[in-house]
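What follows is one structure encoded as C-alpha coordinates, with my remarks underneath.
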There are 2 protein chains.
Amino acid sequence: MAGRPKIFDEQEVISKAAQVFWEKGYEAASAEELLKAMGIGKGSFYLFFKGGKKELYEKSLQQFASNLLSRLRKEIAESQNPFEYLKTFFLELSDGANVHKAKGCFMGNALVEMAAKDEYTRKMIAKLLFELEEIFVDVIQTSKDKNVIKTDKSAELLGSHLLNLWNGINITKRMNMNDASLAALIKFNLDMVG
Amino acid sequence: MAGRPKIFDEQEVISKAAQVFWEKGYEAASAEELLKAMGIGKGSFYLFFKGGKKELYEKSLQQFASNLLSRLRKEIAESQNPFEYLKTFFLELSDGANVHKAKGCFMGNALVEMAAKDEYTRKMIAKLLFELEEIFVDVIQTSKDKNVIKTDKSAELLGSHLLNLWNGINITKRMNMNDASLAALIKFNLDMVG
DNA sequence: TTCATTCTGTACCAATCAGTACAAAATTTG
DNA sequence: CAAATTTTGTACTGATTGGTACAGAATGAA
(Lines give C-alpha, C1' and ligand atoms only; values in the text may rest on other atoms or scores of the structure.)
Protein backbone atom coordinates (compact mmCIF):
# COMPACT_ATOMS: atom_id res chain seq x y z
CA MET A 1 0.00 0.00 0.00
CA ALA A 2 1.99 2.95 -1.29
CA GLY A 3 1.19 6.66 -1.30
CA ARG A 4 1.48 9.78 0.81
CA PRO A 5 0.11 9.16 4.30
CA LYS A 6 -2.97 11.08 5.32
CA ILE A 7 -2.52 13.58 8.09
CA PHE A 8 -5.91 13.25 9.75
CA ASP A 9 -8.17 10.75 11.43
CA GLU A 10 -11.64 10.61 9.88
CA GLN A 11 -13.58 10.22 13.14
CA GLU A 12 -11.60 13.05 14.66
CA VAL A 13 -12.30 15.58 11.93
CA ILE A 14 -15.97 14.60 11.86
CA SER A 15 -16.11 15.26 15.58
CA LYS A 16 -14.57 18.69 15.08
CA ALA A 17 -17.00 19.48 12.28
CA ALA A 18 -19.91 18.36 14.46
CA GLN A 19 -19.08 21.06 16.98
CA VAL A 20 -19.32 23.71 14.28
CA PHE A 21 -22.57 22.30 12.86
CA TRP A 22 -24.03 22.02 16.35
CA GLU A 23 -23.43 25.67 17.10
CA LYS A 24 -24.12 27.19 13.70
CA GLY A 25 -26.46 24.81 11.95
CA TYR A 26 -26.02 23.43 8.46
CA GLU A 27 -26.45 26.47 6.23
CA ALA A 28 -24.62 28.92 8.46
CA ALA A 29 -21.57 26.70 8.87
CA SER A 30 -19.29 27.66 5.97
CA ALA A 31 -16.99 25.18 4.28
CA GLU A 32 -14.05 27.42 5.13
CA GLU A 33 -14.95 27.47 8.82
CA LEU A 34 -15.48 23.73 8.87
CA LEU A 35 -12.16 23.00 7.19
CA LYS A 36 -10.35 25.32 9.58
CA ALA A 37 -11.90 23.54 12.57
CA MET A 38 -11.08 20.16 11.07
CA GLY A 39 -7.54 21.27 10.33
CA ILE A 40 -7.42 19.93 6.79
CA GLY A 41 -7.43 21.48 3.32
CA LYS A 42 -9.94 21.31 0.52
CA GLY A 43 -7.88 18.78 -1.41
CA SER A 44 -8.03 16.20 1.34
CA PHE A 45 -11.59 16.98 2.32
CA TYR A 46 -13.19 16.53 -1.08
CA LEU A 47 -11.12 13.42 -1.72
CA PHE A 48 -12.48 11.68 1.38
CA PHE A 49 -15.91 13.28 1.54
CA LYS A 50 -17.17 12.90 -2.00
CA GLY A 51 -20.59 14.05 -0.87
CA GLY A 52 -19.14 17.35 0.29
CA LYS A 53 -20.74 19.39 3.02
CA LYS A 54 -23.93 17.36 3.15
CA GLU A 55 -22.10 14.09 3.70
CA LEU A 56 -20.05 15.72 6.46
CA TYR A 57 -23.23 16.98 8.12
CA GLU A 58 -24.89 13.60 8.08
CA LYS A 59 -21.80 11.85 9.38
CA SER A 60 -21.49 14.50 12.09
CA LEU A 61 -25.03 13.79 13.22
CA GLN A 62 -24.55 10.05 13.07
CA GLN A 63 -21.33 10.13 15.03
CA PHE A 64 -22.63 12.62 17.57
CA ALA A 65 -25.79 10.63 18.21
CA SER A 66 -23.90 7.35 18.29
CA ASN A 67 -21.58 8.71 20.98
CA LEU A 68 -24.44 10.16 23.02
CA LEU A 69 -26.53 7.01 22.81
CA SER A 70 -23.75 4.59 23.66
CA ARG A 71 -22.54 6.73 26.56
CA LEU A 72 -26.10 6.90 27.85
CA ARG A 73 -26.63 3.15 27.50
CA LYS A 74 -23.36 2.46 29.26
CA GLU A 75 -24.07 4.75 32.20
CA ILE A 76 -27.57 3.37 32.55
CA ALA A 77 -26.26 -0.18 32.53
CA GLU A 78 -23.74 0.71 35.24
CA SER A 79 -26.24 2.61 37.34
CA GLN A 80 -27.78 1.18 40.49
CA ASN A 81 -31.00 3.07 39.81
CA PRO A 82 -31.41 3.78 36.08
CA PHE A 83 -34.50 5.93 36.63
CA GLU A 84 -32.63 8.15 39.10
CA TYR A 85 -29.82 8.42 36.58
CA LEU A 86 -32.31 9.54 33.96
CA LYS A 87 -33.48 12.26 36.32
CA THR A 88 -29.99 13.66 36.71
CA PHE A 89 -29.56 13.38 32.96
CA PHE A 90 -32.53 15.70 32.45
CA LEU A 91 -31.74 18.01 35.32
CA GLU A 92 -28.34 18.76 33.79
CA LEU A 93 -30.30 20.68 31.17
CA SER A 94 -31.17 23.29 33.78
CA ASP A 95 -27.54 24.13 34.51
CA GLY A 96 -27.14 27.58 33.02
CA ALA A 97 -23.39 27.42 33.52
CA ASN A 98 -23.18 24.56 31.04
CA VAL A 99 -20.91 25.19 28.07
CA HIS A 100 -23.52 23.95 25.66
CA LYS A 101 -26.16 26.29 27.09
CA ALA A 102 -27.25 28.11 23.97
CA LYS A 103 -26.67 25.28 21.55
CA GLY A 104 -29.57 23.05 22.50
CA CYS A 105 -29.75 19.53 21.07
CA PHE A 106 -27.76 18.97 17.89
CA MET A 107 -30.35 16.54 16.57
CA GLY A 108 -33.29 18.74 17.51
CA ASN A 109 -31.66 21.71 15.83
CA ALA A 110 -30.98 19.63 12.75
CA LEU A 111 -34.58 18.42 12.67
CA VAL A 112 -35.80 22.01 12.71
CA GLU A 113 -33.50 23.02 9.90
CA MET A 114 -34.01 19.96 7.71
CA ALA A 115 -37.67 19.05 8.27
CA ALA A 116 -39.03 21.10 5.38
CA LYS A 117 -35.88 21.02 3.28
CA ASP A 118 -34.54 17.50 2.97
CA GLU A 119 -36.74 14.47 3.61
CA TYR A 120 -33.87 11.99 3.56
CA THR A 121 -31.95 13.81 6.25
CA ARG A 122 -35.13 14.42 8.25
CA LYS A 123 -35.80 10.69 8.38
CA MET A 124 -32.23 10.02 9.41
CA ILE A 125 -32.45 12.48 12.30
CA ALA A 126 -35.87 11.17 13.33
CA LYS A 127 -34.41 7.69 13.55
CA LEU A 128 -31.65 8.89 15.87
CA LEU A 129 -34.13 10.60 18.17
CA PHE A 130 -36.31 7.48 18.18
CA GLU A 131 -33.27 5.58 19.42
CA LEU A 132 -33.04 8.02 22.30
CA GLU A 133 -36.73 7.49 22.98
CA GLU A 134 -36.17 3.75 22.98
CA ILE A 135 -33.60 4.10 25.74
CA PHE A 136 -36.11 6.06 27.79
CA VAL A 137 -38.79 3.44 27.18
CA ASP A 138 -36.48 0.63 28.25
CA VAL A 139 -35.51 2.36 31.49
CA ILE A 140 -39.14 3.08 32.28
CA GLN A 141 -40.27 -0.46 31.50
CA THR A 142 -37.54 -1.93 33.68
CA SER A 143 -38.31 0.52 36.49
CA LYS A 144 -41.97 -0.40 36.28
CA ASP A 145 -41.17 -4.10 36.40
CA LYS A 146 -39.00 -3.56 39.47
CA ASN A 147 -41.64 -1.36 41.12
CA VAL A 148 -39.19 1.54 41.24
CA ILE A 149 -41.91 3.68 39.71
CA LYS A 150 -45.66 3.35 39.97
CA THR A 151 -47.81 4.34 37.04
CA ASP A 152 -50.80 3.14 35.08
CA LYS A 153 -49.37 4.53 31.84
CA SER A 154 -47.52 2.48 29.25
CA ALA A 155 -43.75 2.72 29.04
CA GLU A 156 -44.16 3.73 25.39
CA LEU A 157 -46.27 6.76 26.26
CA LEU A 158 -43.98 7.79 29.10
CA GLY A 159 -40.93 7.30 26.91
CA SER A 160 -42.35 9.51 24.19
CA HIS A 161 -43.15 12.00 26.94
CA LEU A 162 -39.51 12.08 28.01
CA LEU A 163 -38.31 12.48 24.44
CA ASN A 164 -40.74 15.34 24.01
CA LEU A 165 -39.52 16.81 27.29
CA TRP A 166 -35.98 16.62 25.95
CA ASN A 167 -36.99 18.32 22.72
CA GLY A 168 -38.97 20.95 24.54
CA ILE A 169 -36.46 21.88 27.21
CA ASN A 170 -33.74 22.25 24.62
CA ILE A 171 -35.86 24.95 23.01
CA THR A 172 -37.33 26.51 26.14
CA LYS A 173 -33.98 26.85 27.90
CA ARG A 174 -32.83 29.15 25.14
CA MET A 175 -35.40 31.68 26.25
CA ASN A 176 -33.00 32.08 29.18
CA MET A 177 -35.38 31.20 31.98
CA ASN A 178 -33.65 31.23 35.35
CA ASP A 179 -32.12 27.92 36.35
CA ALA A 180 -34.49 27.33 39.28
CA SER A 181 -37.66 27.67 37.20
CA LEU A 182 -36.21 25.43 34.53
CA ALA A 183 -35.28 22.81 37.13
CA ALA A 184 -38.77 23.01 38.64
CA LEU A 185 -40.29 22.53 35.20
CA ILE A 186 -38.14 19.50 34.53
CA LYS A 187 -38.86 17.98 37.96
CA PHE A 188 -42.57 18.47 37.43
CA ASN A 189 -42.37 16.56 34.18
CA LEU A 190 -40.25 13.80 35.66
CA ASP A 191 -42.69 13.39 38.55
CA MET A 192 -45.38 12.74 35.96
CA VAL A 193 -43.56 9.57 34.99
CA GLY A 194 -43.33 8.01 38.40
CA MET B 1 -48.09 64.80 -0.72
CA ALA B 2 -46.89 64.16 -4.22
CA GLY B 3 -44.95 61.26 -5.69
CA ARG B 4 -45.45 57.93 -7.36
CA PRO B 5 -47.86 55.79 -5.35
CA LYS B 6 -46.51 52.64 -3.80
CA ILE B 7 -47.93 49.44 -5.11
CA PHE B 8 -47.83 47.42 -1.89
CA ASP B 9 -49.11 47.35 1.64
CA GLU B 10 -46.38 46.99 4.22
CA GLN B 11 -48.25 44.61 6.53
CA GLU B 12 -49.22 42.49 3.57
CA VAL B 13 -45.71 42.01 2.22
CA ILE B 14 -44.39 41.31 5.72
CA SER B 15 -47.02 38.61 6.04
CA LYS B 16 -45.93 37.07 2.74
CA ALA B 17 -42.30 37.19 3.78
CA ALA B 18 -43.16 35.56 7.11
CA GLN B 19 -44.46 32.50 5.27
CA VAL B 20 -41.14 32.11 3.49
CA PHE B 21 -39.10 32.64 6.67
CA TRP B 22 -41.34 30.24 8.56
CA GLU B 23 -40.74 27.45 6.10
CA LYS B 24 -37.10 28.07 5.21
CA GLY B 25 -35.60 29.87 8.19
CA TYR B 26 -33.57 33.04 8.08
CA GLU B 27 -30.37 32.01 6.30
CA ALA B 28 -31.98 29.71 3.78
CA ALA B 29 -34.59 32.25 2.68
CA SER B 30 -32.93 34.14 -0.16
CA ALA B 31 -33.64 37.80 -0.83
CA GLU B 32 -34.74 36.90 -4.34
CA GLU B 33 -37.24 34.35 -3.06
CA LEU B 34 -38.56 36.76 -0.45
CA LEU B 35 -39.02 39.56 -2.96
CA LYS B 36 -40.80 37.24 -5.33
CA ALA B 37 -43.19 36.13 -2.60
CA MET B 38 -43.73 39.73 -1.55
CA GLY B 39 -44.32 40.77 -5.14
CA ILE B 40 -42.06 43.84 -5.04
CA GLY B 41 -38.67 44.75 -6.50
CA LYS B 42 -35.38 45.52 -4.83
CA GLY B 43 -35.80 49.24 -5.31
CA SER B 44 -38.96 49.40 -3.27
CA PHE B 45 -37.80 46.90 -0.73
CA TYR B 46 -34.58 48.56 0.27
CA LEU B 47 -36.27 51.95 0.30
CA PHE B 48 -38.81 50.87 2.88
CA PHE B 49 -36.75 48.29 4.74
CA LYS B 50 -33.52 50.13 5.39
CA GLY B 51 -32.42 47.33 7.68
CA GLY B 52 -32.63 44.86 4.79
CA LYS B 53 -33.26 41.17 5.32
CA LYS B 54 -32.73 41.26 9.07
CA GLU B 55 -35.32 43.99 9.59
CA LEU B 56 -37.77 42.05 7.46
CA TYR B 57 -37.16 38.92 9.52
CA GLU B 58 -37.74 40.68 12.81
CA LYS B 59 -40.88 42.37 11.57
CA SER B 60 -42.10 39.05 10.21
CA LEU B 61 -41.69 37.47 13.63
CA GLN B 62 -43.30 40.41 15.41
CA GLN B 63 -46.28 40.49 13.10
CA PHE B 64 -46.73 36.74 13.10
CA ALA B 65 -46.62 36.52 16.88
CA SER B 66 -48.83 39.53 17.29
CA ASN B 67 -51.48 37.93 15.07
CA LEU B 68 -51.24 34.59 16.83
CA LEU B 69 -51.40 36.10 20.31
CA SER B 70 -54.30 38.43 19.64
CA ARG B 71 -56.29 35.72 17.89
CA LEU B 72 -55.66 33.42 20.81
CA ARG B 73 -56.63 36.07 23.37
CA LYS B 74 -59.79 36.85 21.45
CA GLU B 75 -60.91 33.24 21.14
CA ILE B 76 -60.15 32.60 24.80
CA ALA B 77 -62.14 35.65 25.81
CA GLU B 78 -65.08 34.46 23.73
CA SER B 79 -64.86 30.88 24.94
CA GLN B 80 -67.28 29.44 27.52
CA ASN B 81 -64.53 27.23 28.86
CA PRO B 82 -61.07 28.71 28.19
CA PHE B 83 -59.24 25.65 29.48
CA GLU B 84 -61.17 23.39 27.12
CA TYR B 85 -60.33 25.78 24.31
CA LEU B 86 -56.66 25.51 25.22
CA LYS B 87 -56.93 21.75 24.96
CA THR B 88 -58.27 21.93 21.42
CA PHE B 89 -55.57 24.48 20.63
CA PHE B 90 -52.90 21.94 21.58
CA LEU B 91 -54.62 18.95 20.06
CA GLU B 92 -54.61 20.67 16.70
CA LEU B 93 -50.88 20.05 16.70
CA SER B 94 -51.53 16.35 16.29
CA ASP B 95 -53.40 16.80 13.03
CA GLY B 96 -51.01 15.36 10.47
CA ALA B 97 -53.15 16.70 7.65
CA ASN B 98 -52.42 20.25 8.74
CA VAL B 99 -50.81 22.43 6.10
CA HIS B 100 -48.19 23.66 8.52
CA LYS B 101 -47.24 20.12 9.49
CA ALA B 102 -43.53 20.20 8.81
CA LYS B 103 -42.99 23.85 9.60
CA GLY B 104 -43.33 23.71 13.35
CA CYS B 105 -43.54 26.96 15.31
CA PHE B 106 -42.12 30.00 13.55
CA MET B 107 -40.86 31.46 16.82
CA GLY B 108 -39.41 28.19 18.04
CA ASN B 109 -37.61 27.72 14.75
CA ALA B 110 -36.28 31.25 14.93
CA LEU B 111 -35.08 30.71 18.49
CA VAL B 112 -33.12 27.66 17.38
CA GLU B 113 -31.51 29.50 14.50
CA MET B 114 -30.77 32.74 16.34
CA ALA B 115 -29.93 31.60 19.89
CA ALA B 116 -26.20 31.28 19.31
CA LYS B 117 -25.97 33.83 16.52
CA ASP B 118 -27.75 37.04 17.45
CA GLU B 119 -28.47 37.93 21.06
CA TYR B 120 -30.74 40.86 20.22
CA THR B 121 -33.03 38.76 18.04
CA ARG B 122 -32.93 35.90 20.54
CA LYS B 123 -34.22 38.18 23.26
CA MET B 124 -36.94 39.49 20.97
CA ILE B 125 -38.15 35.98 20.19
CA ALA B 126 -37.96 34.94 23.82
CA LYS B 127 -40.19 37.86 24.73
CA LEU B 128 -42.79 36.77 22.19
CA LEU B 129 -42.81 33.23 23.54
CA PHE B 130 -43.10 34.56 27.09
CA GLU B 131 -46.23 36.40 25.97
CA LEU B 132 -47.65 33.08 24.83
CA GLU B 133 -46.74 31.58 28.18
CA GLU B 134 -48.49 34.47 29.91
CA ILE B 135 -51.70 33.63 28.10
CA PHE B 136 -51.43 30.04 29.29
CA VAL B 137 -50.77 31.20 32.85
CA ASP B 138 -53.81 33.48 32.82
CA VAL B 139 -56.13 30.77 31.55
CA ILE B 140 -54.83 28.33 34.16
CA GLN B 141 -55.12 30.84 37.00
CA THR B 142 -58.68 31.71 36.01
CA SER B 143 -59.58 28.05 35.66
CA LYS B 144 -58.12 27.34 39.09
CA ASP B 145 -60.07 30.20 40.62
CA LYS B 146 -63.28 28.91 39.08
CA ASN B 147 -62.52 25.33 40.15
CA VAL B 148 -62.55 24.20 36.53
CA ILE B 149 -59.25 22.48 37.19
CA LYS B 150 -57.90 21.05 40.42
CA THR B 151 -54.22 21.20 41.11
CA ASP B 152 -51.77 22.00 43.87
CA LYS B 153 -49.26 23.46 41.42
CA SER B 154 -48.88 27.16 40.71
CA ALA B 155 -50.31 28.64 37.52
CA GLU B 156 -46.81 29.88 36.68
CA LEU B 157 -45.34 26.38 36.77
CA LEU B 158 -48.22 24.93 34.78
CA GLY B 159 -48.04 27.76 32.28
CA SER B 160 -44.35 27.20 31.70
CA HIS B 161 -45.19 23.54 31.31
CA LEU B 162 -47.65 24.31 28.53
CA LEU B 163 -45.18 26.58 26.77
CA ASN B 164 -42.60 23.83 27.00
CA LEU B 165 -45.18 21.37 25.68
CA TRP B 166 -45.77 23.70 22.76
CA ASN B 167 -42.07 23.98 22.06
CA GLY B 168 -41.56 20.24 22.40
CA ILE B 169 -44.46 19.04 20.29
CA ASN B 170 -43.46 21.37 17.49
CA ILE B 171 -40.14 19.54 17.36
CA THR B 172 -41.35 16.04 18.12
CA LYS B 173 -44.13 16.12 15.52
CA ARG B 174 -41.53 16.55 12.82
CA MET B 175 -40.24 13.08 13.57
CA ASN B 176 -43.50 12.05 11.90
CA MET B 177 -45.03 10.10 14.75
CA ASN B 178 -48.47 8.82 13.91
CA ASP B 179 -51.30 11.18 14.78
CA ALA B 180 -52.80 8.95 17.46
CA SER B 181 -49.58 8.65 19.45
CA LEU B 182 -49.00 12.35 19.18
CA ALA B 183 -52.53 13.08 20.38
CA ALA B 184 -52.08 10.67 23.29
CA LEU B 185 -48.85 12.39 24.23
CA ILE B 186 -50.49 15.80 24.17
CA LYS B 187 -53.49 14.60 26.17
CA PHE B 188 -51.20 13.07 28.76
CA ASN B 189 -49.46 16.41 29.18
CA LEU B 190 -52.71 18.34 29.34
CA ASP B 191 -54.05 15.99 31.99
CA MET B 192 -51.04 16.86 34.08
CA VAL B 193 -52.37 20.37 34.32
CA GLY B 194 -55.80 19.62 35.63
C1' DT C 1 16.82 5.30 -7.56
C1' DT C 2 12.96 5.26 -10.25
C1' DC C 3 8.13 4.46 -10.59
C1' DA C 4 3.32 4.01 -9.22
C1' DT C 5 0.31 5.45 -5.83
C1' DT C 6 -1.88 8.41 -2.54
C1' DC C 7 -2.58 12.55 -0.33
C1' DT C 8 -2.14 17.72 0.17
C1' DG C 9 -2.25 22.69 -0.75
C1' DT C 10 -3.36 26.30 -3.85
C1' DA C 11 -5.26 28.51 -7.55
C1' DC C 12 -9.28 28.82 -9.62
C1' DC C 13 -14.43 28.47 -10.90
C1' DA C 14 -19.26 29.64 -11.81
C1' DA C 15 -23.12 30.65 -9.02
C1' DT C 16 -25.23 33.02 -5.66
C1' DC C 17 -25.39 36.15 -1.81
C1' DA C 18 -27.28 40.66 0.18
C1' DG C 19 -27.17 45.16 -1.04
C1' DT C 20 -26.45 49.81 -3.98
C1' DA C 21 -26.87 53.21 -7.75
C1' DC C 22 -29.64 55.48 -10.56
C1' DA C 23 -32.56 56.63 -14.37
C1' DA C 24 -37.24 56.29 -15.59
C1' DA C 25 -42.06 56.18 -14.18
C1' DA C 26 -45.98 57.92 -11.79
C1' DT C 27 -48.08 60.85 -9.02
C1' DT C 28 -49.59 65.87 -6.64
C1' DT C 29 -49.05 70.71 -6.64
C1' DG C 30 -48.90 75.16 -8.72
C1' DC D 1 -48.51 72.36 -18.81
C1' DA D 2 -44.00 72.12 -15.80
C1' DA D 3 -41.81 71.33 -11.50
C1' DA D 4 -41.27 68.79 -7.33
C1' DT D 5 -41.64 64.56 -5.08
C1' DT D 6 -41.81 59.66 -4.36
C1' DT D 7 -41.66 54.91 -5.92
C1' DT D 8 -40.13 51.43 -9.12
C1' DG D 9 -37.35 48.29 -12.04
C1' DT D 10 -32.94 47.11 -13.61
C1' DA D 11 -28.22 46.91 -14.02
C1' DC D 12 -24.53 46.39 -11.31
C1' DT D 13 -21.43 45.58 -7.16
C1' DG D 14 -17.95 43.20 -4.33
C1' DA D 15 -17.99 39.42 -1.28
C1' DT D 16 -18.76 34.78 -0.36
C1' DT D 17 -20.65 30.34 -1.45
C1' DG D 18 -19.53 25.18 -2.18
C1' DG D 19 -16.83 22.76 -5.22
C1' DT D 20 -13.01 21.44 -8.91
C1' DA D 21 -8.48 21.03 -11.25
C1' DC D 22 -4.11 19.91 -10.86
C1' DA D 23 0.75 20.26 -9.79
C1' DG D 24 3.66 18.66 -6.50
C1' DA D 25 4.79 16.35 -2.06
C1' DA D 26 5.36 12.09 0.43
C1' DT D 27 5.28 7.54 0.75
C1' DG D 28 6.13 1.99 -0.48
C1' DA D 29 7.51 -1.29 -3.95
C1' DA D 30 10.62 -2.88 -7.47
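Chain letters run A, B, ... following the sequence lines, proteins first, then strands; residues in each count from 1.
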[atom1] of [X] versus [atom2] of [N]: gap in Å, rounded?
X       : N      : atom1 : atom2 : value
A/Glu10 : C/dC7  : CD    : P     : 11 Å
A/Glu32 : D/dT16 : CD    : P     : 9 Å
B/Phe49 : D/dT8  : CZ    : P     : 11 Å
B/Arg4  : C/dA26 : CZ    : C1'   : 5 Å

[X] bridged to [Y] by N-O distance under 4.0 Å:
X        : Y       : result
A/Lys74  : A/Glu78 : yes
B/Lys87  : B/Glu84 : yes
A/Lys117 : A/Glu27 : yes

ILVMFWY cluster, A/Leu162 and A/Val137 together (side-chain gap under 4.5 Å):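 Unlinked, A/Leu162 and A/Val137 end up in two clusters.
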Listed once per pair and sorted, the ring pair (Phe, Tyr, Trp, His ring centres under 6.0 Å) pairs that draw on residues 125-147 of chain B, sequence neighbours left out: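 The answer is B/Phe90-B/Phe136.
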Side chain of [X]: nearest nucleotide among [options]?
X       : options                : result
A/Phe8  : C/dA18, C/dT8, D/dG28  : C/dT8
A/Ser30 : D/dT17, C/dT27, D/dA26 : D/dT17
A/Ala31 : D/dG24, D/dG18, C/dA26 : D/dG18

Those residues that, when tested against B/Ala29, pass side chain to side chain contact (heavy atoms under 4.5 Å, CB included) (two or more places apart):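 Here the qualifying residues are B/Val20, B/Phe21, B/Lys24, B/Leu34.
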Stem list, DNA chain C (Watson-Crick or G-U pairing under 3.5 Å, at least 3 consecutive pairs):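 Looking at DNA chain C, the stems formed by three or more consecutive pairs are C:1-30 with D:1-30.
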Side chain to side chain donor-acceptor pair (under 3.5 Å) against B/Glu23, all qualifying residues, sequence neighbours excluded: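 Per chain and number, B/Glu23 pairs via side chain to side chain donor-acceptor pair (under 3.5 Å) with no residue.
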A/Lys153 charged N/C atom sitting above B/Phe188 aromatic ring, 6.0 Å / 45°: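 No; the conditions do not both hold, so A/Lys153 does not lie above the ring face of B/Phe188.
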Check: B/Gln11 main-chain N/O paired with B/Ser15 side-chain donor or acceptor under 3.5 Å: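 Judged by distance alone, no pair lies under 3.5 Å.
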Exam field: side chain A/Lys53 to backbone A/Tyr26, donor-acceptor pair closer than 3.5 Å: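 A pair under 3.5 Å: yes.
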Contact residues, residues 51-62 of chain B to DNA chain C [heavy atom, < 4.0 Å]: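 Those residues whose heavy atoms fall under 4.0 Å from DNA chain C, taken from residues 51-62 of chain B in numerical order, are B/Gly52, B/Lys53.
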Beyond-backbone contact of B/Met38 with B/Phe45, side-chain heavy atoms, under 4.5 angstrom: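 A side-chain contact under 4.5 Å exists here.
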Sorted by number, the residues of residues 33-48 of chain A with heavy-atom contact under 4.0 Å to DNA chain D: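 Heavy-atom cutoff 4.0 Å gives A/Lys42, A/Tyr46.
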Touch class at under 4.0 angstrom, heavy-atom based, for B/Ala29 against every strand present: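 Contact class for B/Ala29: sugar-phosphate only.
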